[in-house]
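Please read the structure below before turning to the comments.
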Amino acid sequence: MSKEKIVLLDGNSLAYRAFFALPLLTNDTGIHTNAIYGFTMMLQNILEEEKPTHILVAWDAGKTTFRHSTFSEYKGGRQKTPPELSEQFPYLRKLLDAFQISQYELDQYEADDIIGTLSKTGDAEGMEVVVISGDKDLTQLASDKTTVCITRKGITDLEKYTPAHVMDKYGLTPSQIIDMKGLMGDPSDNIPGVPGVGEKTAIKLLKEYGSVEKVYESLDKVSGKKLKENLTENEELAYMSKKLATIDVDAPITISIGNLSYPGPSEENVKAIYEELQFKTLLEKMSPETDSRPIEEIDVRIINDPESIELAEEMALHVEMMDENYLASEISGIGMTDGDNIIFIPFEVVIKSDKLKNWLQDEQKKKFTTDSKASYASLLRHGIEVNGIEFDLLLATYIANPSSTYTDVASVAKEFNYSDIQSDEVIYGKGAKKALPEEKILADHAGRKAQAVWKLKPALEGKLRDNEQFGLYRELEMPLAQILGKMETTGVKTDLGILRQIGIELSARLLELESIIYEMAGQKFNINSPKQLGEILFEKIGLTPIKKTKTGYSTAADVLEKLESEHEIISFILTYRQLGKLNSTYIEGLTKEIHEDGKIHTRFQQALTQTGRLSSINPNLQNIPIRLEEGRKIRAAFVPSEPGWVMFAADYSQIELRVLAHMSQDEKMISAFREDEDIHTKTAMDVFGVDKDGVSSDMRRTAKAVNFGIVYGISDYGLSQSLNITRKEAGKFIDTYLATFPGVKQYMEDIVSDAKLKGYVVTMMNRRRYLPDITSSNFNLRSFAERTAMNTPIQGTAADIIKKAMIDMDARLKEEGLQTRMLLQVHDELIFEAPEDEIEKLKQIVPEVMESALTLDVPLKVEWAYGLSWYETK
DNA sequence: TTCATCACG
DNA sequence: ACGTACGTGATGAAG
């Protein structure tokens with residue numbers, strides 16, 4: 001039988017919290033809705049996470065409470081509730097009614113007291129109790145069965161106070177929270193407390209004596225003359241304050257827990273209120289699949305005669321597949337439209353139609369697609385090379401705003417107010433129920449997508465032109481899509497024998513390590529479980545936890561490294577982790593991805609990253625190990641696909657710092673790159689004021705870390721973590737660095753203020769990233785946005801450059817008539833496979849093309865290597 | 001599904 | 001005082 005659980009919410013506190021956390025929103029009728037919206041978000045989260053069997057929202061009643069008779073100025077000096085908030089309360093009440101959640105208020109009592117009383121009762125009845133409020137005072141209610149959740153920043157983030165957490169945070173028991181308030185007071189409630197006693201002193205006193213009463217019993221033992229004096233003179237104030245802060249757990253409430261059971265919301269009533277308030281996103285969330293708006297009927301003709309297809313000069317098309325992995329999925333057919341007629345050509349007809357194939361391959365016939373790379377690669381697998389692609393909905397959307405989440409055509413169409421299209425999930429179902437529907441439905445679905453492309457093209461192209469991004473989209477991303485499609489289709493030959501060999505060795509060593517670790521721990525456990533490992537290390541063995549995560553002790557590598565000298569088990573665990581990672585992710589993971597052709601075909605996501613980089617999935621070939629020799633050996637499995645061929649790799653040296661030198665126009669940095677100096681050594685020389693011979697390896701390491709930090713949008717804390725030094729020391733390094741490179745300092749300041757002004761940053765090729773948080777009043781959000789503002793133009797410009805190089809490289813290989821194939825891109829490097837006899841040529845043209853992809857005020861530098869496997873290209 | 005961890009640039 | 005380095009993807013554990 002499942003346990004009963006009651007959730008008690010402090011209505012006023014949460015409404016206030018929501019009101020101030022969100023900007024003022026209004027609906028068409030002019031009612032403010034931000035508090036209602038925020039409250040609803042919190043509520044939904046809570047209902048989802050806690051799944052209560054019982055629930056109550058408690059409200060404060062009226063102006064005066066029993067506390068005012070103790071102290072007439074209780075809650076004095078409080079600002080009047082803003083009218084923009086007051087007007088929202090009636091709606092909140094209505095909304096809660098619609099949710100079928102009980103509400104209660106009691107004359108002369110505050111919401112706290114109602115909650116306290118019910119939590120005590122619930123606790124006594126053996127229920128699990130969850131209290132939710134924005135007021136930390138309620139933590140005094142925490143017990144074994146009662147968890148108190150206090151809103152943290154934002155609106156849905158809650159901090160959970162159990163007695164253990166209260167102890168962690170204050171070193172006090174929940175009931176001592178009252179004593180703490182008694183001593184220190186609470187300005188927000190106008191509770192006076194003892195003058196001169198703040199949180200620190202209060203906690204110190206309570207740790208020593210236990211309670212306000214005990215403090216006064218042993219007053220003569222209290223150290224500090226002034227403190228003793230203050231305590232003596234304000235004894236009454238302390239007792240009164242304690243009384244004010246104490247939640248009444250025996251309020252004369254007239255409801256019982258039995259009446260509070262939660263039947264779930266009345267969907268109909270909730271929907272009506274959402275509609276009244278115009279909560280669009282919440283409405284959609286309620287019924288994503290039953291969007292009731294009538295979808296416009298369209299007439300999609302299914303073509304069965306291969307030669308009867310009517311093809312225009314310009315057409316929108318969509319290659320329909322069930323699986324998102326277009327490199328493996330079967331094609332169902334192609335939906336097409338010329339703006340008037342919509343047709344669907346089943347795949348078996350496509351294959352038979354020379355007319356269609358010729359049209360697809362004809363450069364002169366213009367195609368508008370949803371995702372040109374997917375269309376291109378999926379048809380290329382069947383020997384059809386699509387040419388003349390003029391529009392790509394996915395890329396256009398991404399360039400216009402990289403944060404737009406493109407899941408399927410429906411989601412994008414919706415954003416442009418074109419909604420006559422359903423999501424793929426609705427058509428195919430999800431999870432185990434995913435299946436191919438009948439052809440008529442598929443035809444309709446694919447036809448609608450083609451129609452959406454046709455209709456959305458003008459708006460998107462207009463937007464890109466307005467933003468001066470049309471060139472980036474049309475001359476960089478679109479040509480690249482085709483090249484990436486080719487690379488994906490080509491794939492990388494993978495030597496299964498080598499993977500197996502490494503796998504066998506790893507398994508043997510893992511088994512050995514496992515038994516050593518069990519022996520040292522004195523028991524068997526799952527080493528891969530951070531939870532179990534944490535218990536062994538920090539409870540059983542008794543090592544000192546250095547860091548904690550949300551769920552328990554951190555056992556991350558940097559933490560374990562600090563503990564290495566404490567216990568010999570640590571180094572075995574670190575090795576076990578390292579090898580385990582290699583085995584599961586790389587040996588087993590990659591083995592599963594080898595296709596029948598003996599190759600791995602990754603897919604490059606071209607419309608995902610916020611900076612303009614590519615990403616690689618199924619599998620990720622951009623994170624194959626290299627830093628440690630043992631992992632690096634994995635690279636030996638990636639080999640040329642033809643006998644007599646070799647792997648050839650070329651990478652940009654320090655491309656991000658070169659971009660920074662150019663963008664910041666810092667003279668010192670520019671000259672360092674022009675002289676082709678070791679940039680980290682040069683940085684060390686300038687920052688530490690020594691000559692070349694005076695640079696120790698430690699100084700160079702520091703300089704390198706600072707350079708990295710600069711690229712990431714430096715913070716003293718971040719640098720201190722990476723160098724394992726104090727924040728203060730890190731801060732000093734940064735100051736010295738910025739004084740040494742004034743151009744960089746100026747650039748960082750300018751880019752942030754520019755981002756604040758415009759709301760976005762740009763790369764050299766006009767790629768944009770919007771940063772709405774840069775003006776946030778929340779320190780964390782704002783700081784993050786500021787670092788992003790500093791980093792994105794650098795990382796993004798580097799991404800622009802290598803993309804341009806890929807396009808130039810593809811053209812050059814054709815021009816030179818070479819057989820060499822581009823296989824992979826790993827952010828600053830390109831991997832090729834090539835016939836041995838083309839190597840001499842590559843040595844010359846690869847660096848030439850890559851270095852001239854874009855002209856900066858510093859040279860770009862490319863280094864290359866080749867060998868019989870990827871491992872050998874070093 | 002979410003979290004912690006760890007692989008890469 | 002706040003709590004962080006920037007950008008990714010895959011895995012196993014655990015709810």
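Letters A, B, ... are given to chains in the order of the sequence lines, protein chains preceding strands, and every chain is numbered from 1.
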Distance check needed: [N] [atom2] versus [X] [atom1], whole Å only.
X        : N     : atom1 : atom2 : answer
A:Tyr712 : C:dT4 : OH    : P     : 17 Å
A:Asn583 : B:dC6 : CG    : P     : 16 Å
A:Asp651 : B:dC8 : CG    : P     : 15 Å
A:Leu824 : B:dG9 : CG    : P     : 13 Å
A:Gln825 : C:dG9 : CD    : P     : 13 Å
A:Glu786 : C:dC2 : CD    : P     : 18 Å
A:Trp870 : B:dC8 : CH2   : C1'   : 9 Å
A:Glu630 : B:dC8 : CD    : P     : 12 Å

At 4.0 Å (heavy atoms only), tell me whether [X] reaches a base, stays on the sugar-phosphate, or touches nothing.
X        : result
A:Gly713 : nothing
A:Ala799 : nothing
A:Ile626 : sugar-phosphate
A:Ser616 : sugar-phosphate
A:Ser720 : nothing
A:Arg627 : base
A:Val711 : nothing
A:Thr609 : sugar-phosphate
A:Glu656 : nothing
A:Ala785 : nothing
A:Leu719 : base

Any [X] side-chain N or O less than 4.0 Å from OP1/OP2 of [N]:
X        : N      : value
A:Thr555 : B:dT5  : yes
A:Thr551 : B:dA4  : yes
A:Gln532 : C:dA14 : yes
A:Thr549 : B:dA4  : yes

Hey, are the side chains of [X] and [Y] touching, using non-hydrogen atoms and a 4.5 Å cut-off?
X        : Y        : value
A:Phe538 : A:Leu563 : yes
A:Gln532 : A:Ile527 : no
A:Trp864 : A:Pro847 : yes

Using only modelled atom types and a 3.5 angstrom limit, is any donor from either the side chain of [X] or the base of [N] paired with an acceptor on the other?
X        : N     : answer
A:Ser615 : C:dT8 : no
A:Arg787 : C:dT4 : yes
A:Gln795 : C:dC6 : yes

Hey, would you say the A:Tyr737 and A:Phe741 ring centroids sit under 6.0 Å apart?
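Yes, the ring centres sit under 6.0 Å apart.
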Which nucleotide in the set [options] lies at the smallest distance from any side-chain heavy atom of [X]?
X        : options               : value
A:Tyr717 : C:dT4, C:dA5, B:dA4   : C:dT4
A:Asn526 : C:dG9, C:dA13, B:dT5  : C:dA13
A:Asn620 : C:dA10, B:dT5, C:dG12 : C:dA10
A:Pro625 : B:dT5, B:dA7, C:dT8   : B:dA7
A:Ser529 : C:dG12, C:dA13, B:dA4 : C:dA13
A:Arg635 : B:dC8, C:dG7, B:dC6   : B:dC8
A:Asn780 : B:dG9, C:dC2, B:dC6   : C:dC2
A:Lys581 : B:dA4, B:dA7, C:dA5   : B:dA7
A:Glu588 : C:dG12, C:dA14, C:dG9 : C:dG12
A:Arg727 : C:dA5, C:dT4, C:dA14  : C:dT4

Cation-aromatic face contact A:Arg727/A:Tyr717, 6.0 Å, 45 degrees:
no
Is it possible for you to check whether A:Arg658 lies under 6.0 Å from the centre of the six-membered ring of A:Tyr652, through NZ or CZ, and within 45° of that ring's axis?
no
Tell me whether the count of non-hydrogen atoms from other residues, nucleotides or ligands lying under 6.0 Å of NZ in A:Lys704 goes above 12.
no
Should the heavy atoms of other residues, nucleotides or ligands under 6.0 Å from NZ of A:Lys524 be counted, would the total exceed 12?
no
B:dC6 and C:dA1, which share atom name C1', separated by this distance in whole Å:
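Rounded to whole Å, the distance is 32 Å.
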Say you pick atom C1' in B:dA7 and the same atom in C:dC2; how far apart are they, in whole Å?
31 Å
What stems show up for DNA chain C when you take Watson-Crick pairs (N1-N3 plus N6-O4 or O6-N4) and G-U wobbles (N1-O2, O6-N3), both under 3.5 Å, and require three or more consecutive pairs?
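As far as DNA chain C goes, consecutive pairing (with distances under 3.5 Å) yields the stems B:1-9 with C:6-14.
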Test A:Tyr553 against every option in A:Lys548, A:Lys531, A:Glu539 by the side chain to side chain donor-acceptor pair (under 3.5 Å) rule and name the one that passes.
A:Glu539
Give the ring-plane orientation class for A:His595 versus A:His601, where under 30° counts as parallel, over 60° as perpendicular and anything between as tilted.
tilted
Please figure out whether A:Phe779 or A:Thr788 has its closest DNA chain C nucleotide nearer the 5' end.
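Its nearest nucleotide lies further toward 5', so the answer is A:Phe779.
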Considering all heavy atoms, the nearest A:Arg768-A:Pro402 contact:
O-CG, 3.0 Å
